[in-house]
Amino acid sequence: MQNLLDLDPAQLTAWFAARGEKPFRATQVLRWIHRFGEADFDAMTDIAKSLREKLKAEAVVVPPAIVSDKLSDDGTRKFLFDVGNGNAVETVFIPEDDRGTLCVSTQAGCALDCSFCSTGKQGFNRNLTVAEIIGQLWQVNKALGRDPKGERIISNVVLMGMGEPLANFENAVAALKLMLDDNCYGLSRRRVTVSTSGLVPVMDRLRDECPVALAVSLHAPNDILRDELVPINQKYPLSELMAACRRYLEKAPRDFVTFEYVMLDGVNDHDYDARELLSLTRHVPCKFNLIPFNPFPGSPYRRSRPERIRRFADILMGAGIVTTTRKTRGDDIDAACGQLAGQVLDKTRRTGRRTIMLEEDKS
Ligand code: SAH
Ligand code: SF4
């Protein structure tokens, strides 16, 4: 059985063609599935009965199942999805005045092991399939319903949940193509953001194959510190990362890169760190997004104080760089950045993972 949620628009057209069906049939089915959220072929009423029977015999539309749905006091809503074998991934909906953003996961766990990240501490389990990535958007769209004008509530998507999207490139790009397609979710490239810890060669591929807005997790102004916080830096150091950002901007839908910078008390939050960042990024049109560190059980770091974060932001802004500080939202339901722990059965570091789960259970 083919899960049609696993196919991007071109693949679905090819799948129909291989069965002697015209491209417009694929478009109709795409619309039913993604625009209207329909999983039942019998409900696709403008499709000939014979084709519906054929689809029922050969295909299914199966998103990952929602296993929990928690609403935070601030309106943030966290969904936990079952992805089989005891693995779960998290998706967070963040409502704001002018938009609704869905933060989507791309892997169960993550292999890159950044020192301040709860997902990284679980180790890597596996890549999500296309159906599991797009299925998060499919399911949450349905769960949220429509606004009073009949429009969808999710206007922006960020691949910033669990996992490194560029380490699951093919599947992430197929899901992005569905998000951008007018027959599906019709999101503009400027409203879809990939966040990467800096897989330099894959950033070039993304630029060539599916350019969308780019966020880069910087977190340190020099290689010595970044090697420690973001170990992938040992392979792709800052000089290469900055060059890759410049190459990306040649074809990007936005004319800046967003640098994400987690604020760790006494580690990367000094005035001199901010000044070093200015010199590091001087040739890259960019904005900064400062993320107050979100603690999780067993982490060695503390969040920088608000006045320190303000002073750090002032130095960047004083040099003309637009700098925002992320509101910590969803704290009460562990939905803040870097807290997405899921309930992944860790094959590599099971003892560590058990400890985390026990501590979570206590809270
Ligand atoms: N793997 C990708 C995307 C997922 S992480 C990446 O690293 O960019 C999304 C963002 O949350 C990244 O900027 C990441 O560095 C940040 N983050 C991870 N752990 C965090 C924590 N404990 N507190 C605050 N931000 C964190
Ligand atoms: Fe992976 Fe991103 Fe977490 Fe680093 S910050 S371990 S790349 S999910």
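In each ligand, atom 1 is the first atom listed, and ligand 1 is the first ligand listed.
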Report, in ascending order of atom number, the atoms of ligand 1 lying under 4.0 Å from any heavy atom of [X].
| X | value |
| --- | --- |
| Asn294 | 21 (C), 22 (N), 23 (N), 24 (C) |
| Thr196 | 6 (C), 8 (O) |
| Val262 | 23 (N), 24 (C), 25 (N) |
| Phe116 | 15 (O), 17 (N), 18 (C), 19 (N), 20 (C), 21 (C), 22 (N) |

Any idea which of Ser195, Cys103, Gly163, Cys117 brings a heavy atom closest to atom 1 (N) of ligand 1? Gly163
When you measure from the side chain of Thr258 to the backbone N and O of Lys287, does any donor-acceptor pair fall under 3.5 Å? no
Under a 3.5 Å distance rule, please check whether Ser279 uses its side chain to pair with a backbone N or O of Arg275 as donor and acceptor. no
Would you please indicate if the ring centroids of Phe259 and His219 are separated by under 6.0 Å?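 Not under 6.0 Å, so no.
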Within the 4.0 Å heavy-atom shell around [X], which atoms of ligand 2 are there?
| X | answer |
| --- | --- |
| Asp113 | 6 (S) |
| Ser197 | 7 (S) |
| Gly120 | 6 (S) |

Would Ser299 count as a contact residue for ligand 1, given that I'm defining contact as a non-hydrogen atom of the residue lying under 4.0 Å from a ligand atom?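 Ser299 does not count as a contact of ligand 1 under the 4.0 Å cut-off.
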Does Cys110 have a non-hydrogen atom less than 4.0 Å from ligand 1? no
Any side-chain donor paired with an acceptor under 3.5 Å for [X] and [Y]?
| X | Y | result |
| --- | --- | --- |
| Ser217 | Tyr261 | no |
| Asn87 | Asn125 | yes |
| Gln28 | Arg31 | no |
| Asn171 | Asn127 | no |
| Glu164 | Thr196 | yes |
| Asp269 | Ser304 | yes |

Under 4.0 Å, counting heavy atoms only: does Ser217 come that close to any atom of ligand 2? no
List the steps and the verdict of side-chain contact (heavy atoms from CB on, under 4.5 Å) for Glu90 and Phe79. CA-CA 6 Å; Glu90 294 173 34; Phe79 297 85; over 6 Å; no
Counting C-beta onward and ignoring hydrogens, is there a side-chain heavy-atom pair between Leu5 and His34 closer than 4.5 Å? yes
For ligand 1, the portion of [X] having any non-hydrogen atom under 4.0 Å away:
| X | value |
| --- | --- |
| Glu260 | side chain |
| His219 | side chain |
| Ile291 | side chain |
| Leu112 | neither |

N/O separation below 3.5 Å, Ser118 to ligand 1: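 For ligand 1, there is no N or O atom that lies under 3.5 Å from one belonging to Ser118.
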Under 6.0 Å from the ring centre and within 45 degrees of the ring axis: does the NZ or CZ of Arg35 meet both conditions for the six-membered ring of Trp32?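 Here Arg35 fails the 6.0 Å and 45° test against Trp32.
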Protein heavy-atom partner closest to [atom] - residue, atom, separation in Å:
| atom | answer |
| --- | --- |
| atom 3 (Fe) of ligand 2 | Cys117 SG, 2.4 Å |
| atom 4 (Fe) of ligand 2 | Cys114 SG, 2.3 Å |
| atom 2 (Fe) of ligand 2 | Gly163 O, 4.5 Å |

May I ask you to check whether Cys110 brings an N, O or S atom to under 2.8 Å from atom 3 (Fe) of ligand 2?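 Cys110 does not place any N, O or S atom closer than 2.8 Å to atom 3 (Fe) of ligand 2.
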